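Worksheet: the structure to be examined is printed underneath.
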Amino acid sequence: MKRLQIIIISVLFFVNTILLTSCNRSNKETNTSKNENVEKVSVRENSKSKTKNNTIIWTALIISMLANAAFAMTLSVRVDEKSKKRYSELDGKLDDLKWNMPQNVKTRIEPYKLSEADINLIVDRVLECKRLDEKESQTVKYNTDQYQQQQPQPQPATVIIKKLFASAVDANMCFMEVSEQPKDKTIYTLLLEDDYNAKFELYEDAKELVIGCEDYINGACNKLGNGNTIEGCDSGFAQKTGDGFWKVIKKANVKFV
């Protein structure tokens, strides 16, 4: 608004200046015309006429300037009043808009400040999440340990110190004949881990004999499946007694297909 007032006053003074210039120019032209057309008029009368004309022009100019100044001041006052009134109306509308806007918009205008209760709640949540993470990590570790414990552990490789050959077992589950070389009645192979412990399995060349008569493996083996072909044999275990006999303490498994 101040800039508008300055511009208006400047324009009015510029108009007055133009008016003054125009009047002086008109006065000069009038004097020149009178000098040319009325040669017989005395110098004294021309001088009085010129002074009178200048007085009228200056009086009109001063009145015009005063009127322009009064107009400018009145315009300035009215512009200020309208500006203040408009500002007051806009300020009131802004207040109404703030009160009537949705709650989420108010939150954007006025940032929410965390209270002590909110800070304590956040800290409790963080600690709870941390506790749950630790508990979950412990659970995973426990399950991993349990799984590893349940998995069969690799057995250390046994060292076979000697190989023997044996026939079928008697009623006491002792091998009836044991030798260092295979014979016609050899059914099993004994693999000695030491002087008193051995594992045994079905002798490879005796499979056809066993298929023809399954009684050879009774007492020392468990028969798995039915068929005319032996697919495999899981080893059994035997121990040497004080009498020098090798006795079955765990039967072998023979698979038929």
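Predicted model only: the values in this text are computed from it and were never measured.
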- Output yes when Glu180 and Lys163 qualify as a salt bridge under the 4.0 Å nitrogen-oxygen rule, no when they do not. no

- For Tyr188 and Ile217, the nearest pair of non-hydrogen atoms, with its separation, is OH-CA, 3.2 Å

- Query: Can you name the closest pair of heavy atoms from Leu209 and Asp184 and give their distance?
  - Reply: CD2-O, 4.4 Å

- Item | Partner residues of Lys223 under the salt bridge (Lys or Arg N to Asp or Glu O under 4.0 Å) criterion, sequence neighbours left out | Glu214

- Go through Lys247 and Lys240 one step at a time and tell me if the side chain to side chain contact (heavy atoms under 4.5 Å, CB included) criterion holds. CA-CA 6 Å; Lys247 184 176 182 179; Lys240 193 173 184 179; over 6 Å; no

- Message: Walk me through whether Asn197 and Asp194 qualify under side chain to side chain contact (heavy atoms under 4.5 Å, CB included).
- Response: CA-CA 6 Å; Asn197 295 283; Asp194 52 39; 3.2 Å; yes

- Query: Where do Trp246 and Asp195 come nearest, in terms of heavy atoms and distance?
  - Reply: CH2-O, 3.7 Å

- Message: Could you check whether atom CG of Asn228 has more than 12 heavy atoms from other residues, nucleotides or ligands sitting under 6.0 Å from it?
- Response: no

- Steps toward side chain to side chain contact (heavy atoms under 4.5 Å, CB included) verdict (Ile230, Phe256): CA-CA 5 Å; Ile230 296 176; Phe256 287 82; 3.7 Å; yes

- So, Thr186 side chain and Ser167 main chain: donor-acceptor pair closer than 3.5 Å or not? no

- Message: If I compare all heavy atoms of Ile187 with all of Leu202, which pair ends up nearest, and what's the gap?
- Response: O-CD1, 3.6 Å

- Message: Looking at Glu128 and Arg131, is there a salt bridge between them, counting it only when a charged N and a carboxylate O are closer than 4.0 Å?
- Response: yes

- What's the shortest heavy-atom distance between Asp234 and Ala252, and which atoms? O-CB, 3.0 Å

- Please confirm whether Phe175 and Phe245 have ring centers closer than 6.0 angstrom. no

- Query: When you look at Ile160 and Leu192, which way does the side chain to side chain contact (heavy atoms under 4.5 Å, CB included) test go after all the steps?
  - Reply: CA-CA 6 Å; Ile160 304 303; Leu192 276 65; 5.6 Å; no

- Message: Between Ser88 (side chain only) and Lys85 (backbone N and O only), is there a donor and an acceptor less than 3.5 Å apart?
- Response: no

- Residues forming a ring-ring contact (aromatic ring centres under 6.0 Å, His included) with Phe165, sequence neighbours excluded: Tyr203

- Which heavy-atom pair separates Cys233 from Val254 by the least distance, and what is that distance? SG-CG2, 3.9 Å

- Message: Taking Asn172's backbone N and O only, do any of them form a donor-acceptor pair with Asp170's side chain (distance below 3.5 Å, no angle check)?
- Response: yes

